[in-house]
Protein chains: 2
Amino acid sequence: MLSHKAKYGLKAVFYLAKRYEKGPVLISDLAQAEYIPKKFLEHILLELKKHGILYSRMGKGGGYALSKSPDKIFLGQIIRTLDGPLAPVPCVSKTAYVRCIECKDERTCEIRKVMKHVRDASAKILDTTTVADAMHSKMKLSSL
Amino acid sequence: MLSHKAKYGLKAVFYLAKRYEKGPVLISDLAQAEYIPKKFLEHILLELKKHGILYSRMGKGGGYALSKSPDKIFLGQIIRTLDGPLAPVPCVSKTAYVRCIECKDERTCEIRKVMKHVRDASAKILDTTTVADAMHSKMKLSSL
DNA sequence: CTACTATTCTACTAAATTTATAGACTTTGT
DNA sequence: ACAAAGTCTATAAATTTAGTAGAATAGTAG
């Protein structure tokens, strides 16, 4: 399951995508519009900024905006930033591989084999669908 | 990510599958063999039993065993029993649908649309792959 | 250079969930 | 009756998730 954090983050990005190139949006406005606790949203936006998805400006006239156009931002990137790897088990993650401690032998682990397929299936969708795609309900054929 | 509980549960089921029709296995033996905390494993096995996946007997000569043959047990069933729905968001779960509270309009929610695909892709694998399939690395063509 | 606005950062706190343990109880076989 | 094994209830410990507070920093306009 996605955490609230990731859901909030996705909502925020979609909100900003709708206002792309219309100037920065205030955290307070975003929080109010999407029913997200403001202080919690601060953390989320900051993380997304640090990962290069958002851009921000301080001071008057400041706020948050997308750092690139919605058709350049993949959903997988947003989710990984906020919730960590897509993989169901760490030993099949491509972006954050970690060996499973309990695992005697990775090569013969039944769980690993199946979960690799699950990871690939999810990644195939989330790493080919952009924010723009999702807004217009366009899924890449390859992911269906 | 799968919880430890689900991982332990899967390991236990595979262990029992290897000993299918060779008489019941003691919790202690299973715990030791798979490096699972015994008391925690008790709960897990009990849940799997209550969901009809395992069978058990008390008293001398007792223990746990699969309640049906490994080619009749789907991985999705095990994971759902121990970790809940496969769906990344509750509003796209087929087995445990719950409306998202923060969601203004389900029909236009961008997150929902994409996550539905993700859920379907995972379910396609986990609900067509049996314990026997996983043991022999046989994936259904439909899930690839 | 001052006032104001808005993000950034650090440090918590609270709640929920997950993981794990303890011990009494029940069932079964001999 | 006794020992062996799962069952049940309760709770504790650890971790993660969610949320809050407030000072620090940066930018803008005057």
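Every chain is numbered from 1 and lettered A, B, ... according to where its sequence line falls, protein lines coming before strand lines. Below, each value reflects all heavy atoms present in this structure, side chains not excepted, and no hydrogens, waters or symmetry copies.
- Atom NZ of B:Lys38 and atom P of D:dA4 are 12 Å apart (whole Å).
- Note: CG (B:Leu45) to C1' (D:dC8) measures 15 Å, nearest angstrom.
- One finds a side-chain N or O of A:Ser56 lying less than 4.0 angstrom from the OP1 or OP2 phosphate oxygen of C:dT8.
- OP1 or OP2 of C:dT19 has at least one side-chain nitrogen or oxygen of B:Ser3 nearer than 4.0 Å.
- Distances shorter than 4.0 Å separate some side-chain N or O of B:Tyr8 from OP1 or OP2 on C:dA20.
- Closest-nucleotide positions on DNA chain D for A:Leu2 and A:Met58 were compared, and the one nearer the 5' end corresponds to A:Leu2.
- With A:Thr129 contributing its side chain and A:Leu126 its backbone, the two residues share no donor-acceptor pair below 3.5 Å.
- Judged by the 6.0 Å and 45° rule, B:Arg57 forms no cation-pi pair with B:Tyr55.
- Listed nucleotides: D:dA5, D:dG19, D:dC8. Nearest to the side chain of A:Phe40: D:dG19.
- Following rounding to the nearest Å, B:Arg57 (CZ) and D:dA5 (C1') show an atom-to-atom distance of 11 Å.
- Taking 3.5 Å as the limit, the base of D:dT17 and the side chain of A:His43 contain no donor-acceptor pair of atoms between them.
- No option in A:Lys116, A:Arg112, A:Lys113 other than A:Arg112 meets the salt bridge (Lys or Arg N to Asp or Glu O under 4.0 Å) test with A:Glu106.
- Within 6.0 Å of the NZ atom in B:Lys22, the count of heavy atoms belonging to other residues, nucleotides or ligands does not exceed 12.
- Whole-Å rounding puts the A:Ile44 CD1 to C:dC9 P distance at 16 Å.
- When rounded to the nearest whole Å, the span between CG of A:Leu30 and C1' of C:dT7 equals 14 Å.
- A:Lys60 places its NZ atom 12 Å from the P atom of D:dT28, with the value rounded to the nearest Å.
- At a cut-off of 3.5 angstrom, counting only N and O atoms as typed in the model, there is a donor on one side and an acceptor on the other between the side-chain of B:Lys39 and the base of C:dG23.
- Of the candidate nucleotides C:dA6, D:dG22, C:dT21, C:dA6 has the atom nearest to the side chain of A:Leu26.
- Within a 6.0 Å sphere centred on NZ of B:Lys60, heavy atoms belonging to other residues, nucleotides or ligands number 12 at most.
- For the pair A:Ser28 and C:dA6, the criterion of a side-chain N or O lying under 4.0 Å from OP1 or OP2 is not met.
- Remark: P of C:dT7 and CD of A:Glu47 are 17 Å apart, rounded to the nearest angstrom.
- Contact check, A:Tyr55 against C:dT7: no side-chain N or O comes under 4.0 Å of OP1 or OP2.
- The phosphate of D:dT7 (OP1 or OP2) has a side-chain N or O of B:Lys49 nearer than 4.0 angstrom.
- Electrostatic pairing of A:Lys50 and A:Glu47 does not count as a salt bridge here, judged by no charged N lying under 4.0 Å from a carboxylate O.
- Between C:dT19 and B:Lys7, no contact under 4.0 Å exists linking OP1 or OP2 to a side-chain N or O.
- In this model, the phosphate group of D:dT17 is not approached by any side-chain N or O of A:His4 to a distance below 4.0 Å at OP1 or OP2.
- When rounded to the nearest whole Å, the span between NZ of B:Lys5 and P of C:dA16 equals 18 Å.
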